[in-house]
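These notes are about the structure you will find just below.
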Amino acid sequence: MSSIAATQVPDEAAAPVRLIDERGAHVGEHPLPPVAALVAGYRGLLLARRLNEQAGALVRQGRLAVYPSSRGQEACQVACAQVLAEGDWLFPTYRDTAAVAARGVDPVEVLTMLRGDWHCGYDPVAHRVAPQATPLATQLLHAVGVAHAARLNGEDTVVMALCGDGATSEGDFHEACNFAAVFRAPVVFFVQNNKYAISVPLARQSVAPSLAAKAVGYGMPGVLVDGNDFAALTVVLGEAVARARAGGGPTLVEADTYRMDAHTNADDAARYRTDDEVAAWVKRDPLTRLRTHLAETGALGEEREAEFAAAAEEMAAHVRAGLGAETPVDPEELFAHVYATPTPQLAEQRAALRAELEYEEA
């Protein structure tokens, strides 16, 4: 059986790797992942979709400052987390809240950054998940650094580095891919091509046959996969992780997917795309596709689906409670994590603030 991750870099005529089509049918000759993995994946997709919905509601209630939804991209979010081993690292973007939660981080802690309380609400080392990055592509360099260090230390750690199509236009993307390829760093570059860098369509960024085709310039495999097909994502990403762990170096994986919601709650997507375009992608919803497949094969009954839906609602209630609680504000935290050893200027400023606060309390 040939490996999907070892296929040629896609050309203009190549179609994305697909194992389950929009009707839920198994297509192609490559076997599907185990049924248990698909069922667990469907549960993860339900949780991710509910997290996107709940976070959007919290923005409207003023409990979150901003939320970049990944609705429509949940298959990418869950698959990239599921294929990693416990000791591996995930480097997410600002849109990958669901992926971080799928990695096992408390969603309340994940959303803390978007609430504006802290730059990161969880312990990156404990979870082996880097802080979500708002600047485009900067986290890719950090991801390659961690992967290269792990290789030098003789560890079998693999790093999953996430980015969007817009990030591939950044110089950091080139530098990260080139360094990883030259030094055979155990990293998987996972590009979620959701068609728009905010309002800029992909055609205004690149005329390459695909973003995966860029891999040939770095001497690494490039794979184009249907980003709404959880089964195909699991196989392609899983093979790329296995290749990296075995010393085969990096892989560039491009997921053909779509952002159903606006870029963030501050974006008016109607300015640059039509309702008909969105409706066409709604028909390719990753949740509907996987659910249809599992239902038709008898792997998903009403009782199990009700169990998963209840878990999603329990998670949403936990998020509401956590984000609804008022957080005590300590102004002196402004100075707590600037330098490991505070400078004399910081100490002076902190003392001045403390004196002013004590004066107001007197």
Side-chain angles (χ1 to χ4, degrees), residues 54-56 58-69 89-97 99-101 103-149 159 161-164 166-167 170-173 175-176 179 197-198 263-267 318-362:
Q54 185 59 72
L58 290 168
V59 169
R60 294 189 292 275
Q61 296 167 11
R63 293 294 180 179
L64 284 180
V66 66
Y67 185 68
S69 174
W89 272 86
L90 177 71
F91 275 73
T93 74
Y94 56 85
R95 195 176 302 283
D96 297 317
T97 300
V100 178
R103 184 73 171 136
V105 183
D106 186 332
V108 173
E109 295 182 356
V110 184
L111 291 170
T112 296
M113 179 192 74
L114 298 171
R115 187 180 186 180
D117 290 347
W118 286 84
H119 293 300
C120 182
Y122 53 88
D123 184 341
V125 176
H127 296 286
R128 301 183 82 79
V129 178
Q132 287 183 267
T134 300
L136 295 189
T138 56
Q139 78 282 359
L140 301 182
L141 295 168
H142 305 154
V144 173
V146 169
H148 184 51
V159 177
L162 310 184
C163 70
E170 296 287 331
D172 289 355
F173 173 82
E175 293 166 7
F179 190 101
I198 306 183
H263 176 69
T264 70
N265 52 290
D267 173 41
H318 170 69
V319 170
R320 288 195 300 273
L323 274 295
E326 296 296 335
T327 303
V329 177
D330 180 6
E332 292 193 35
E333 285 182 349
L334 288 168
F335 309 97
H337 304 288
V338 182
Y339 295 105
T341 302
T343 63
Q345 293 85 353
L346 277 179
E348 182 181 349
Q349 293 169 14
R350 185 171 191 169
L353 175 61
R354 183 177 300 162
E356 185 173 341
L357 293 174
E358 292 174 351
Y359 175 79
E360 290 180 355
E361 292 175 356

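Side chains included, hydrogens not; waters and symmetry mates left out as well; all remaining heavy atoms used.
- A distance of 12.0 Å separates OH in Y122 from CG in D106, rounded to the nearest 0.5 Å.
- In this structure, V66 and V59 have side chains that are not in contact, with every pair of non-hydrogen atoms separated by 4.5 Å or more.
- Between atom CZ of residue R320 and atom CD of residue Q61 there is a gap of 8.5 Å, rounded to the nearest 0.5 Å.
- Taking each heavy atom of A99 and L90 in turn, the nearest pair found is O-CD2, 3.9 Å.
- The shortest distance between side-chain heavy atoms of S69 and T264 does not fall below 4.5 Å.
- Annotation: side-chain hydrogen bond (donor to acceptor under 3.5 Å, both in side chains) contacts of H148 (sequence neighbours excluded): none.
- Two residues are said to be in side-chain contact when any heavy atoms from C-beta on lie closer than 4.5 Å; T327 and R115 meet this criterion.
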Dump the intermediate steps for side-chain contact (heavy atoms from CB on, under 4.5 Å) on V100 and E109, then the final yes or no. CA-CA 10 Å; V100 178; E109 295 182 356; over 6 Å; no
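- Residue G324 comes nearest to R63 through the heavy atom pair O-NH1, 3.2 Å, listed as atom of the first residue, atom of the second, then distance.
- By the side-chain hydrogen bond (donor to acceptor under 3.5 Å, both in side chains) test, R95 pairs with H263, sequence neighbours left out.
- L114 and P68 make their closest contact through CD1-CD, 3.9 Å (heavy atoms, listed as atom of the first residue, atom of the second, distance).
- Rounded to the nearest 0.5 angstrom, R354 CZ and Q349 CD are separated by 13.0 Å.
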Could you pull out all donor-acceptor pairs under 3.5 Å where a side-chain atom in residues 334-346 meets a protein atom, sequence neighbours excluded?
unit_1, atom_1, unit_2, atom_2, d
T343, OG1, L346, N, 3.2

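- For the salt bridge (Lys or Arg N to Asp or Glu O under 4.0 Å) condition, the pairs that include at least one residue of residues 342-351, sequence neighbours left out, are E332-R350.
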Using side-chain contact (heavy atoms from CB on, under 4.5 Å), reason through F91 and V159 one step at a time and then give a plain yes or no. CA-CA 7 Å; F91 275 73; V159 177; 3.6 Å; yes
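- In this structure, V146 and W89 approach most closely via the heavy-atom pair CG1-CD1, 4.0 Å.
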Below 3.5 Å, can you tabulate the donor-acceptor pairs from side chains in residues 355-362 to any protein atom, sequence neighbours excluded?
none

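- Atom CG of L64 sits about 5.0 Å away from atom CG of L323, to the nearest 0.5 Å.
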Name the atoms and distances for all side-chain donor-acceptor pairs under 3.5 Å in residues 126-140, with sequence neighbours left out.
unit_1, atom_1, unit_2, atom_2, d
R128, NE, G87, O, 2.5
R128, NH2, G87, O, 3.0
Q132, NE2, T93, O, 3.1
Q132, NE2, Y94, O, 3.3
Q132, NE2, T97, OG1, 3.3
Q139, NE2, L162, O, 2.8

